[in-house]
Asks: 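I'd like to ask you about the structure that follows.
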Amino acid sequence: MKFFLDTANLDEIRQGAASGVIDGITTNPTLAAKEKKPFRELVIEICNIVKNGAISAEVVSTDYDGMLREAREVISWHPNVVAKIPMTPDGVRALSVLSKEGIRVNVTLVFSASQALLAAKAGAYFVSPFLGRLDDISQDSMILLRDILQIYRAYDYKTQVLAASLRHPMHVVEAAKMGAHIGTMPFKVFEMLFKHPLTDRGLESFLKDWEKARDTLGEISEPVGARKGGR
Ligand code: E4P
């Protein structure tokens with residue numbers, strides 16, 4: 001499963017990228033608006049931090065011509081930019097044209113299997129079902145994810161399923177169990193994936209025991225410059 005961070009915050013993106021397990025970034029107009037920077041500049045900086053990652057930049061026009069124009073514009077900013085287009089009739093029409101031009105499109109705001117089917121037929125590179133927002137309205141988002149994956153497998157669609165709006169670690173785990181290609185999550189959810197109280201407790205006792213026997217055990221490696229006499 002690929003991990004994307006769902007943020008436009010450069011500090012979070014730098015920390016995530018440093019972990020070595022982040023494969024891309026999804027932004028949206030709400031996330032971009034929080035950063036108080038020109039969008040183009042922000043997207044290019046993100047691309048330069050997450051080298052070789054797929055970076056989604058969303059259009060804000062809602063008509064066919066505007067979406068085409070903005071999608072072509074955002075992908076010209078950096079080779080790693082994926083144009084993000086909302087799941088509307090105009091969006092699908094624009095997607096059909098863009099995908100034929102070889103432009104990678106992430107279809108966003110997907111809430112049903114029929115929408116996901118349309119996106120795949122029109123050549124989407126990513127399809128983004130918003131799982132958390134469905135759970136928010138008491139609809140089981142995992143049923144949607146399972147249906148989309150089942151349909152895509154049945155027809156061998158190449159569109160990658162990007163599980164979005166993930167709100168907690170179990171969303172990530174469930175999406176991974178289903179076989180979603182990608183999960184995009186806020187930085188705080190990514191941090192939560194690392195945590196387990198037994199890991200903390202176990203490490204604490206290992207280090208205490210090591211400390212007690214340190215004189216016998218010696219050092220595993222010495223900090224640079226600490227070795228006397230040189231070698
Ligand atoms: C995905 O591309 C969206 O930016 C995102 O996952 C939306 O998440 P939210 O429902 O937490 O806003």
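All residue numbers in this chain count up from 1 along the given sequence. As the structure lists them, so they are numbered: ligands from 1, and atoms in each ligand from 1.
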Asks: Suppose we measure from atom 12 (O) of ligand 1 to each protein heavy atom; which comes out shortest, and what is that distance?
Replies: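 Nearest protein contact, heavy atoms only, for atom 12 (O) of ligand 1 is R133 NH2, 2.8 Å.
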
Asks: Take a 6.0 Å sphere around CG of N52 and say whether it holds more than 12 heavy atoms from other residues, nucleotides or ligands.
Replies: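 No, CG of N52 has 12 or fewer neighbouring heavy atoms, counting only those of other groups under 6.0 Å.
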
Asks: Just heavy atoms, cut-off under 4.0 Å: does A164 contact ligand 1 by side chain, backbone, both, or neither?
Replies: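 Both parts.
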
Asks: Less than 4.0 angstrom from a charged side-chain N to a carboxylate O is my criterion; do E174 and K177 meet it?
Replies: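 Answer for the salt bridge query: yes.
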
Asks: Is there a side-chain contact between V74 and R40, using heavy atoms and a 4.5 Å cut-off?
Replies: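 A side-chain contact under 4.5 Å is absent here.
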
Asks: Is there a chain of hydrophobic side chains (I, L, V, M, F, W, Y, each step under 4.5 Å between heavy atoms) that links M87 to I182?
Replies: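 Cluster IDs for M87 and I182 differ.
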
Asks: For atom 5 (C) of ligand 1, which protein heavy atom lies nearest, and how many Å away is it?
Replies: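 For atom 5 (C) of ligand 1, the nearest protein heavy atom comes out as D6 OD2, 2.8 Å.
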
Asks: Determine whether L134 and I148 fall in the same hydrophobic cluster, where Ile, Leu, Val, Met, Phe, Trp and Tyr are linked whenever their side-chain heavy atoms lie under 4.5 Å apart.
Replies: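 Yes, because L134 and I148 connect within a single hydrophobic cluster, where side-chain heavy atoms sit under 4.5 Å apart.
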
Asks: Examine ligand 1 and decide if any of its atoms is less than 4.0 Å from a heavy atom belonging to K84.
Replies: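 K84: in contact with ligand 1 (<4.0 Å).
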
Asks: Would you mind listing which atoms of ligand 1 come within a distance below 4.0 Å of any non-hydrogen atom of N28?
Replies: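 In order of number, 3 (C), 4 (O).
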
Asks: Is the F190-F4 ring centre distance short of 6.0 angstrom?
Replies: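 For F190 and F4, the ring centres are not under 6.0 Å apart.
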
Asks: Can you tell me if R167 contacts ligand 1 (heavy atom of the residue under 4.0 Å from the ligand)?
Replies: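 A heavy atom of R167 does come that close to ligand 1.
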
Asks: Does any N or O atom in S165 lie less than 3.5 angstrom from one in ligand 1, N or O only?
Replies: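 Yes: some nitrogen or oxygen of S165 is under 3.5 Å from one in ligand 1.
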
